[in-house]
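Each remark here refers to the structure printed beneath this line.
Please read all numbers here as calculations on a predicted model, not as lab measurements.
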Amino acid sequence: MVFSSLIFLFVFLPITLVLYYIVPKPLKNPVLILCSLIFYAWETPQYLVLMLFSVVFNYCAGLELDDLHQRGKPKAAKWVMIAVVVMNLFLLGFFKYSGFLVENLNHIPGVALTAAKVALPVGISFYTFQVLSYVFDVYRQNVPVQRNFVLFATYVTFFPKLVSGPIVAYKDMEAQLRERQVSLDRICSGATLFLTGLFKKVLIADNLGVLYAGISGQSGAMSVVTAWLGAIGYTLQLYFDFSGYSDMAIGLGQMFGFDIDKNFDYPYLSKSITEFWRRWHISLSTWFREYLYIPLGGNRCSKGRWMFNLLVVWAATGIWHGASWNFVLWGLIFFVLIMLEKNIYGKLLNKTHVLKHVYIIFLIPLTWMVFAISDMHQLATYFTRLFPFLSSDTVTANTRDVMVALHNYWKILIPCVLFSTPLPLHYYKKYRKSAFCIILLIVIFILSIRAMMTQTNNPFLYFQF
């Protein structure tokens, strides 16, 4: 089920909220589990068993790790932890990467393997990382083991964050599983944030998707300006699509009494690639820092080891996003850019604010093109349109297409620039109790519903990861 669907807005969500609010406290978590399972199984019931297996397996793993620690067997606990991690990554790897692995092995002379054709279970990358955070923290004794199965199942299955995050570590949600408060102010705040996300997804991201699809689907020659407009369109689409989902998830969490940290912090205002990744998909960056980068040694080691640690993290970040070489390349590009910032031109960037912003505005759309185009030949072709000097071919392109695109989409592109900054939020907070803001929210809701009624199914971009 998708947040930006009529069935979710007018059937699933109202029923779930009413049930949650009217049942006594001991039944609130069971209600959340039941509704979350229905939410997950709505379109892909065949993978419900896999998700439930992950819940039961990691719950039992936590009990075993705690028992071994209590009995003073740290070495046995370490081997159990390794086995649990291997099992989780095996399931993730089988469903997400087996086809990719077989495809590449078949390039070896004499190898002719056949991969089972299996669809990617929705949310497996997200809930796998969440249960791994629990396993790691129980092993390191950073959190007490959760012996209440209902509480643990609530943590894993909670539907707002189940399929596309944010990736909430168990330690950040532990106390809220037992005790949380719901008030009218929190419900209204959550509903407003949800509506903000709906606005980003339905009225901005989906329209930008039409712009990018029209440009990237051109089979003939493409002007430089058109190619850059397509790259900028996808850059904005991905941000509003994913940050919109995150806003909706966080808003829903508030409506049920949960506080979930923000996942985006105006990343396109960053002044460096390092800062960009402190602002973009914050929950994923935090997970890799706490559960991979720091355990590898972080930056408290030799420079060579530090560079190796970063290489591993960025390779893993790329691979996490998908089973395709463009994602690997995308991750490695960020590794190279961060290395260059840290070792070569970082001090130069710090000397001028203008150069910092131009640097990000120029580079980020290029990295998103690597992210978006999985076919390496098509990717290379698109870059020759962005930079004609990379190709020896003479390209004659009609610039009329970019004028048509700008005419059709300037009403979307201008708000995109505005809503990529904190300015709208600043004025909303200042006047949020005014009649104007209330009417504006109602208008946004009506326009969003109207758009949902006329558009075809547009799932969130990060559903594929």
Side-chain angles (χ1 to χ4, degrees), residues 1 3 8 12-13 15-17 19-67 80-81 84-85 87-89 91-92 95 121-139 142-182 249-250 252-260 283 287:
M1 195 179 300
F3 293 162
F8 178 84
F12 177 84
L13 183 58
I15 292 175
T16 302
L17 287 172
L19 284 175
Y20 181 79
Y21 294 151
I22 65 174
V23 298
K25 182 178 177 180
L27 294 180
K28 290 190 182 296
N29 282 332
V31 163
L32 279 182
I33 294 172
L34 175 62
C35 293
S36 295
L37 295 180
I38 294 172
F39 173 86
Y40 187 81
W42 189 262
E43 294 183 2
T44 55
Q46 66 273 27
Y47 289 124
L48 182 61
V49 173
L50 177 65
M51 194 263 288
L52 289 175
F53 171 81
S54 180
V55 174
V56 175
F57 175 77
N58 288 284
Y59 169 76
C60 295
L63 295 178
E64 179 64 18
L65 287 170
D66 182 69
D67 180 64
V80 168
M81 186 272 293
V84 172
V85 172
M87 173 59 77
N88 280 287
L89 294 182
L91 292 175
L92 177 62
F95 286 98
V122 175
I124 188 170
S125 297
F126 290 91
Y127 69 70
T128 297
F129 268 34
Q130 292 184 123
V131 295
L132 283 176
S133 78
Y134 171 74
V135 171
F136 288 141
D137 283 334
V138 170
Y139 169 73
N142 290 341
V143 297
V145 66
Q146 181 53 261
R147 298 188 179 277
N148 187 317
F149 180 76
V150 172
L151 295 185
F152 182 75
T154 303
Y155 161 67
V156 181
T157 65
F158 186 45
F159 74 88
K161 65 175 184 58
L162 178 60
V163 295
S164 283
I167 302 172
V168 183
Y170 173 77
K171 62 184 179 183
D172 296 327
M173 203 170 173
E174 178 201 4
Q176 300 179 69
L177 295 170
R178 295 189 303 270
E179 190 69 37
R180 54 190 179 272
Q181 299 295 325
V182 175
I250 296 168
L252 287 169
Q254 290 182 8
M255 295 165 73
F256 290 100
F258 289 93
D259 289 318
I260 300 174
S283 63
W287 195 98

Fit a plane to each ring of [X] and [Y], take the angle between them on a 0 to 90° scale, and name the class: parallel (under 30°), tilted (30 to 60°) or perpendicular (over 60°).
X: Phe3; Y: Phe39; result: tilted
X: Phe158; Y: Phe256; result: perpendicular
X: Tyr170; Y: Tyr134; result: perpendicular

Measure from the side-chain N and O atoms of Tyr59 to the backbone N and O of Val150, and report whether any donor-acceptor pair falls under 3.5 Å.
no

Listed once per pair and sorted, the salt bridge (charged side-chain N to carboxylate O under 4.0 Å, His left out) pairs that draw on [range], sequence neighbours left out:
range: residues 126-137; value: Asp137-Arg140
range: residues 22-41; value: Lys25-Glu179
range: residues 147-172; value: Asp66-Arg147, Lys171-Glu290

Taking the side chain as every heavy atom from C-beta outward, state whether Val31 and Leu34 have any atom pair closer than 4.5 Å.
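Counting from C-beta outward, Val31 and Leu34 never come under 4.5 Å.
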
Could you give the distance from [atom1] ([X]) to [atom2] ([Y]), rounded to the nearest 0.5 Å?
X: Met51; Y: Leu91; atom1: CE; atom2: CG; answer: 13.5 Å
X: Trp42; Y: Phe159; atom1: CH2; atom2: CZ; answer: 13.0 Å
X: Met173; Y: Leu151; atom1: CE; atom2: CG; answer: 10.5 Å
X: Leu27; Y: Ile33; atom1: CG; atom2: CD1; answer: 11.0 Å
X: Thr16; Y: Met255; atom1: OG1; atom2: CE; answer: 10.0 Å

Here's a test for you: under side-chain contact (heavy atoms from CB on, under 4.5 Å), which of Leu63, Val145, Asn58 qualifies with Phe152?
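Only match with Phe152 under side-chain contact (heavy atoms from CB on, under 4.5 Å): Asn58.
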
Minimal non-hydrogen separation, Ile124 against Tyr127, with atom names
CA-CE2, 3.5 Å

Specify the closest pair of heavy atoms between Ile250 and Pro166, including all atoms of both residues, with the distance to one decimal.
CG1-CG, 4.3 Å

Compute whether any side-chain donor of one residue and acceptor of the other, for Tyr155 and Gln146, lie under 3.5 angstrom apart.
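On atom types as modelled, these side chains do not qualify, holding no pair under 3.5 Å.
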
